[in-house]
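Reminder, nothing fancy here: chain letters follow the sequence lines and each chain counts from 1.
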Number of protein chains: 2
Amino acid sequence: MATIYDVAKLAGVSPATVSRVFNGTSVSADKVTAVRAAAKELNFTPNRAARTLRRQSSEVIALVIPDIENPYFTEMARGVEDVASEAGYSVVLCNSDAQVEKELTYLRIAMAENMSGVILAAASDSTNLDEILATGRPVVAVDRSTGHDIDGVVMANRDAGRQATEHLLKSYRRVAYIGGPEHIETATDRAEGWLLAHRAAGLEAPLDLLRYSSFRVDGGRSVMEELLALPEPPDAVVAGNNLIGVGAIQVLTEHSLTPPELGVAVIGSLPFTTLSPSAVTVVRLPARHMGVMAARMLLARIRGDKQPARTVVLRNEVQAASAVR
Amino acid sequence: MATIYDVAKLAGVSPATVSRVFNGTSVSADKVTAVRAAAKELNFTPNRAARTLRRQSSEVIALVIPDIENPYFTEMARGVEDVASEAGYSVVLCNSDAQVEKELTYLRIAMAENMSGVILAAASDSTNLDEILATGRPVVAVDRSTGHDIDGVVMANRDAGRQATEHLLKSYRRVAYIGGPEHIETATDRAEGWLLAHRAAGLEAPLDLLRYSSFRVDGGRSVMEELLALPEPPDAVVAGNNLIGVGAIQVLTEHSLTPPELGVAVIGSLPFTTLSPSAVTVVRLPARHMGVMAARMLLARIRGDKQPARTVVLRNEVQAASAVR
DNA sequence: ATGAAAGCGCTAACAT
DNA sequence: ATGTTAGCGCTTTCAT
């Protein structure tokens with residue numbers, strides 16, 4: 001691989017001039033063309049490791065998410081990527097697998113690689129960011145807030161839970177809730193919405209039907225099985241995220257209770273669904289938009305924005321089932 | 001961020017010794033402990049940019065895929081990641097969006113960052129790897145082969161197409177094929193399987209039902225609509241990949257032709273399906289395994305393996321629908 | 001086994 | 001506007 005010295009020699013200028021050409025500082029027109037020609041001939045690309053070492057920062061941002069196989073997060077990643085690459089930044093996708101240790105490893109890598117910043121969908125409420133924040137690198141929280149005073153983009157989780165539940169309460173009487181892990185805010189907030197919807201309707205929430213599991217298909221499956229085995233099973237269910245929804249609907253199909261036979265509302269879009277849209281109520285979450293906002297906030301911080309930390313709350317869009325039992 | 005010099009000073013040794021401790025070369029036991037203690041106290045992590053610059057290679061591999069929102073590729077990514085991180089390598093996921101230019105950008109970044117190697121699911125048959133191969137960096141092809149003499153992991157695409165079609169021909173008479181773009185080998189190979197299955201059954205393949213589109217949900221949707229609008233529509237369809245399958249089934253559902261009313265076989269697993277497994281024939285593709293194999297081959301090359309290039313062909317597993325019309 | 005010192009390729013003072 | 005030069009933090013010869 002050619003270096004800046006090779007290019008300089010071929011173009012008959014100093015290495016510094018070559019560097020200037022590639023960094024947009026003032027160089028006379030003729031030298032610019034000479035350098036560009038030489039660079040092209042040698043197939044020169046600036047060595048990023050050297051640049052990063054010198055500048056103490058690289059044009060790379062890390063996006064750390066808990067589940068790369070969840071379409072919700074990949075959609076978010078697309079939003080981040082579009083904004084970042086527009087601004088000349090690359091995005092490194094890191095999969096923490098919902099484990100705090102793996103997450104910490106990736107945060108350390110981000111530091112050690114001098115990445116410019118991090119967008120983090122935290123694995124847990126207790127994620128510790130002291131180390132990375134001490135380096136002065138900006139971190140933006142997405143989807144879930146952290147215990148730290150940093151920028152964040154979340155959505156109206158309580159509302160989402162409430163809207164989903166309200167729709168079901170119009171046509172059903174025993175509405176269950178299957179959420180993610182209890183140590184994750186999005187799970188508990190959405191559950192609160194379920195509670196509030198009952199209260200607002202003047203009903204007592206059936207607390208025996210409030211369940212926490214994992215934000216995954218198998219979580220939805222096992223809890224749905226449990227609920228159906230109850231002496232007094234629910235006649236409808238709110239799924240706390242897209243994958244739980246998939247698992248719950250799978251089990252219902254196996255029991256010949258395909259929605260709307262048993263009512264289903266899902267918080268999050270059903271990825272690649274083959275169901276009729278009229279059968280299930282879906283609270284669409286602005287995943288892509290969330291990624292876009294987070295990337296914008298992070299880039300602003302990288303450019304030196306010093307405002308106090310802000311949290312943006314995005315709204316959801318309900319797509320109600322028309323069919324009922 | 002602490003440097004090797006800070007640690008050296010605190011531990012009362014030279015910077016070289018600190019480096020040795022972190023690289024596993026011979027250092028006396030007492031100094032090792034002193035260095036480790038100092039490193040821990042200062043929260044030291046070796047600066048990767050510096051290490052990379054010096055070593056001319058980083059412990060990072062790039063995985064370039066055409067669609068990060070396709071669960072097939074994220075499953076593959078998990079396989080790659082598991083093997084790589086086991087060996088101390090990080091994986092950078094790059095989304096080429098099926099565009100050759102974006103792909104080239106990422107390949108250039110991989111070179112400029114001195115990454116150790118690349119695993120590539122090429123955006124097109126015509127992807128040019130001359131530049132990166134000239135740097136001596138190993139590249140392994142996955143899912144799709146390239147025109148270059150490099151290692152590869154693919155699956156038995158022709159067989160997959162053939163198996164899917166054979167199953168449908170047992171119960172249906174006019175079997176269509178919806179494939180991906182014609183310039184991608186996996187699409188044409190699977191279509192060939194469709195042809196062969198007809199021939200093997202002593203039938204003439206209905207060439208008016210052979211269609212190429214994109215490997216995406218909307219591709220499956222639009223072609224399925226076209227097929228249904230035909231004067232003599234098909235009574236069954238082979239979907240060339242998972243997303244095409246989703247799109248086709250969506251359209252069928254909307255037309256009240258839910259499988260097995262119209263027969264469906266999908267090459268690839270249906271992601272997050274809520275359908276009964278008995279309704280659709282699925283040719284399961286070994287996505288994760290493919291990622292695992294590719295990562296192993298790449299790591300071997302990175303470690304200096306000089307064998308001639310090999311291509312591994314993985315077999316598929318058919319999960320036949322039991323229900324028919 | 002350990003230390004001294006050079007250098008990976010680049011950028012940013014500083015000098016001209 | 002352009003060249004000279006120091007140095008980012010690390011690894012790795014070469015001495016000892």
Rounded distance (Å) that lies between atom [atom2] of [N] and atom [atom1] of [X]:
X: Leu42(A); N: dG9(C); atom1: CG; atom2: P; result: 14 Å
X: Leu53(B); N: dG7(C); atom1: CG; atom2: P; result: 14 Å
X: Asn114(A); N: dC10(D); atom1: CG; atom2: C1'; result: 12 Å

Look only at the side chain of [X] and the backbone of [Y], and say whether a donor-acceptor pair between them is shorter than 3.5 Å.
X: Thr17(A); Y: Val13(A); result: no
X: Thr25(A); Y: Val21(A); result: no
X: Asp6(B); Y: Thr3(B); result: yes

Please determine if a side-chain N or O atom of [X] lies less than 4.0 Å away from the OP1 or OP2 oxygen of [N].
X: Ser26(B); N: dA1(C); result: yes
X: Gln56(B); N: dG9(C); result: yes
X: Thr3(B); N: dG9(D); result: no
X: Thr52(A); N: dC10(C); result: no
X: Lys31(B); N: dT2(C); result: yes
X: Ser28(B); N: dT2(C); result: yes

**Report entry** Under-4.0 Å salt bridge between Glu131(A) and Arg108(A)
**Finding:** yes
Which heavy atom in [X] sits nearest to a heavy atom in [Y], and how many Å separate them?
X: Pro308(B); Y: Arg301(B); result: O-NH2, 3.3 Å
X: Asn157(B); Y: Asp143(B); result: ND2-O, 4.4 Å
X: Ala122(A); Y: Thr146(A); result: CB-CG2, 4.3 Å

Query - For Lys31(B), all residues meeting salt bridge (Lys or Arg N to Asp or Glu O under 4.0 Å), sequence neighbours excluded - result: none
Query raised in the report: Could you walk me through whether Arg288(A) and Asp82(A) pass the salt bridge (charged side-chain N to carboxylate O under 4.0 Å, His left out) check?
Result: CA-CA 10 Å; Arg288(A) 209 198 104 84; Asp82(A) 291 350; 2.6 Å; yes
Query raised in the report: Using a cut-off of 4.0 Å between protein heavy atoms and nucleotide atoms, how would you tag nucleotides 11-16 of chain C 5' to 3' with B, S and -?
Result: BBB---
**Report entry** End-to-end axis angle, where each axis spans five pairs of the helix from dA1(C)-dT16(D) to dT16(C)-dA1(D), to 10°
**Finding:** 40°
